[in-house]
Amino acid sequence: MNLQPILGNFALILFVLMVITGIIWCLDTFYLAKQRRRAADAALREYDTRNAKLVADGIKVDHNGNRAAIEQAHLRQPTWIEYSGSFFPVIALVFILRSFLWEPFKIPSSSMVPTLLVGDFILVNKYTYGIRLPIVNKKIIQINNPQRGDVMVFKYPKDMNQDYIKRVIGVPGDKITYEDKRLTVNGKPVEYTALDDYLDDQHPIYHKQFVEKLPSPGGLTQHRILNTADKRNIDLGSVDNFPLRENCEYTYDKFTCVVPEGQYFMMGDNRDNSADSRYWGFVPDRNIVGKAFVVWMNFSNPKRVGGIQ
């Protein structure tokens with residue numbers, strides 16, 4: 001699934017705006033404001049000297065109104081400095097929150113149905129898998145590692161400008177087998193419980209629906225998945241020659257992959273309508289963006305708001 005941030009390359013836009021407005025704010029605070037103060041003081045001294053001479057000559061003058069107006073005129077910020085100074089703290093706060101805490105995304109396609117629907121606005125936790133430098137996405141502090149069952153956003157390995165979202169199926173060292181639309185993890189078949197068929201809102205098609213119970217360190221992670229009865233396990237013609245493909249074996253109706261160190265195996269919950277690690281390979285740790293944890297809005301279906309399983 002191609003997952004685009006709300007405003008495209010928003011992180012870079014914010015960073016550039018923060019730098020520009022920050023430079024202007026610093027320039028004004030530490031240099032231009034002092035210059036305006038000196039100019040105002042000089043103007044006031046000249047005004048006071050002139051008024052003193054007029055008083056000495058017996059001419060009555062207004063000592064308050066004009067003086068205040070002169071001072072205000074010299075201290076007034078130019079419009080471009082005023083706006084930059086006002087926007088800088090707001091832009092800096094948004095940049096910090098978005099880069100290190102939470103980032104919003106919108107779901108544009110159906111590869112994660114029924115967990116995530118088209119039009120869902122989600123929030124992604126940026127720090128749960130470690131603190132990363134914005135823009136370059138380089139990890140500087142390790143916190144947690146992704147676990148099986150996590151819904152994770154990452155940079156698409158074939159195009160780092162695109163953000164994808166899938167579910168973590170395999171972590172480093174895992175042996176993942178997919179046969180008869182059932183997963184086996186490290187030699188142990190994953191448990192499935194059948195549910196009522198799922199009707200796709202976008203297409204008049206019923207899908208087989210199951211609860212999948214993935215083994216994880218905290219026990220079993222349960223979530224719903226979909227299968228389409230008339231589709232094969234995998235379309236071999238669509239499988240790329242991806243890096244580390246030698247770790248995978250493909251046959252007509254089955255594949256097995258051993259997840260390399262520092263890599264993750266991802267799949268969409270809409271199993272027969274998802275381009276994922278089966279086709280384009282593993283996701284390196286350096287590509288991780290964060291963990292999706294909540295749907296905060298869906299304008300066509302407000303009841304969608306809530307946590308992500």
Side-chain angles (χ1 to χ4, degrees), residues 4-56 61-106 121-144 153-155 160-163 285-291 293-294 296:
Q4 294 295 335
I6 288 179
L7 292 178
N9 196 353
F10 197 42
L12 182 59
I13 295 172
L14 277 179
F15 178 74
V16 172
L17 289 175
M18 183 181 68
V19 170
I20 293 173
T21 56
I23 290 174
I24 294 173
W25 179 84
C26 290
L27 181 65
D28 183 61
T29 300
F30 299 108
Y31 180 69
L32 297 179
K34 295 178 181 179
Q35 278 196 331
R36 293 196 299 273
R37 181 72 265 178
R38 286 194 292 267
D41 291 342
L44 291 175
R45 285 194 299 269
E46 181 181 351
Y47 176 79
D48 291 341
T49 300
R50 184 173 61 254
N51 280 358
K53 184 178 180 181
L54 292 173
V55 171
V61 297
D62 181 1
H63 290 281
N64 296 321
N66 290 339
R67 196 177 194 280
I70 291 172
E71 183 178 28
Q72 184 179 8
H74 281 81
L75 293 179
R76 183 181 298 115
Q77 292 176 314
T79 302
W80 64 278
I81 292 179
E82 181 181 2
Y83 277 100
S84 296
S86 299
F87 286 137
F88 170 63
V90 177
I91 294 173
L93 178 62
V94 172
F95 180 78
I96 291 171
L97 290 175
R98 189 181 183 278
S99 298
F100 299 106
L101 297 178
W102 310 287
E103 182 174 0
F105 291 86
K106 181 183 178 182
F121 288 87
I122 65 171
L123 281 181
V124 172
N125 186 318
K126 299 295 290 288
Y127 59 85
T128 190
Y129 298 139
I131 305 300
R132 297 173 185 265
L133 293 176
I135 312 300
V136 296
N137 203 41
K138 180 178 176 58
K139 186 188 294 185
I140 55 175
I141 300 176
Q142 173 65 35
I143 298 180
N144 299 308
V153 175
F154 53 91
K155 297 295 183 182
M160 293 292 286
N161 292 318
Q162 296 186 35
D163 294 289
D285 181 81
R286 64 179 178 271
N287 287 37
I288 293 174
V289 173
K291 180 180 180 180
F293 69 98
V294 68
W296 61 271

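The analysis underlying the following values was restricted to heavy atoms, covering all of them including side chains, and did not include hydrogens, waters or symmetry mates. None of the values given here were measured: they were computed from a predicted structure.
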Chemist: Between Arg45 and Asp41 (salt bridge meaning N to carboxylate O under 4.0 Å), is one present in this structure?
Modeler: no
Chemist: Backbone N or O of Arg132 within a donor-acceptor pair of the Asn137 side chain at under 3.5 Å?
Modeler: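 It does not hold such a pair.
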Chemist: Check this for me: Lys34, atom NZ, are more than 12 non-hydrogen atoms of other residues, nucleotides or ligands nearer than 6.0 Å?
Modeler: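 No.
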Chemist: Could you check whether any side-chain N or O of Gln142 sits under 3.5 Å from a backbone N or O of Asn144, counting only pairs where one atom can act as donor and the other as acceptor?
Modeler: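 At least one qualifying donor-acceptor pair exists.
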Chemist: Any non-hydrogen side-chain atom of Ile141 less than 4.5 Å from a side-chain atom of Tyr127?
Modeler: no
Chemist: How long is the straight-line distance from CZ of Phe154 back to CD of Gln162, given to the nearest 0.5 Å?
Modeler: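 Nearest 0.5 Å value for the CD-CZ distance: 11.0 Å.
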Chemist: What's the separation between atom CD in Gln77 and atom CG in Leu32, rounded to the nearest 0.5 Å?
Modeler: 9.5 Å
Chemist: Less than 4.5 Å apart, any side-chain heavy atom of Val289 and any of Lys126?
Modeler: yes
Chemist: Within this structure, what is the CG-CZ distance for the pair Leu17 and Phe88, rounded to the nearest 0.5 Å?
Modeler: 12.0 Å
Chemist: Would you find more than 12 non-hydrogen atoms of other residues, nucleotides or ligands less than 6.0 Å from Tyr83 atom OH?
Modeler: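 Not more than 12 within 6.0 Å, no.
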Chemist: Roughly how far apart are Arg37 CZ and His74 NE2, rounded to 0.5 Å?
Modeler: 10.5 Å
Chemist: Hey, could you give me the CD1/CD1 distance between Ile91 and Ile13, rounded to the nearest 0.5 Å?
Modeler: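 Result: 11.5 Å between the selected atoms.
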Chemist: With the side chain counted from C-beta on, respond yes when Thr128 and Phe293 share a heavy-atom pair under 4.5 Å apart, and no when they do not.
Modeler: no
Chemist: Where do Ile70 and Ala43 come nearest, in terms of heavy atoms and distance?
Modeler: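 Closest pair (atom of Ile70, atom of Ala43, distance): CG2-CB, 3.9 Å.
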Chemist: Can a salt bridge be assigned to the pair Glu71 and Arg76 using a cut-off of 4.0 Å between side-chain N and carboxylate O?
Modeler: no
Chemist: Please report the shortest heavy-atom distance between Leu75 and Ala40, naming the atom on each side.
Modeler: CD2-CB, 4.0 Å
Chemist: To the closest 0.5 Å, what do you measure between OH (Tyr129) and CD1 (Ile143)?
Modeler: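 One finds 12.0 Å between OH of Tyr129 and CD1 of Ile143.
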Chemist: Below 30° counts as parallel, above 60° as perpendicular, anything between as tilted: where do the rings of Phe95 and Phe15 land?
Modeler: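 Tilted: the ring planes of Phe95 and Phe15 meet at 30° to 60°.
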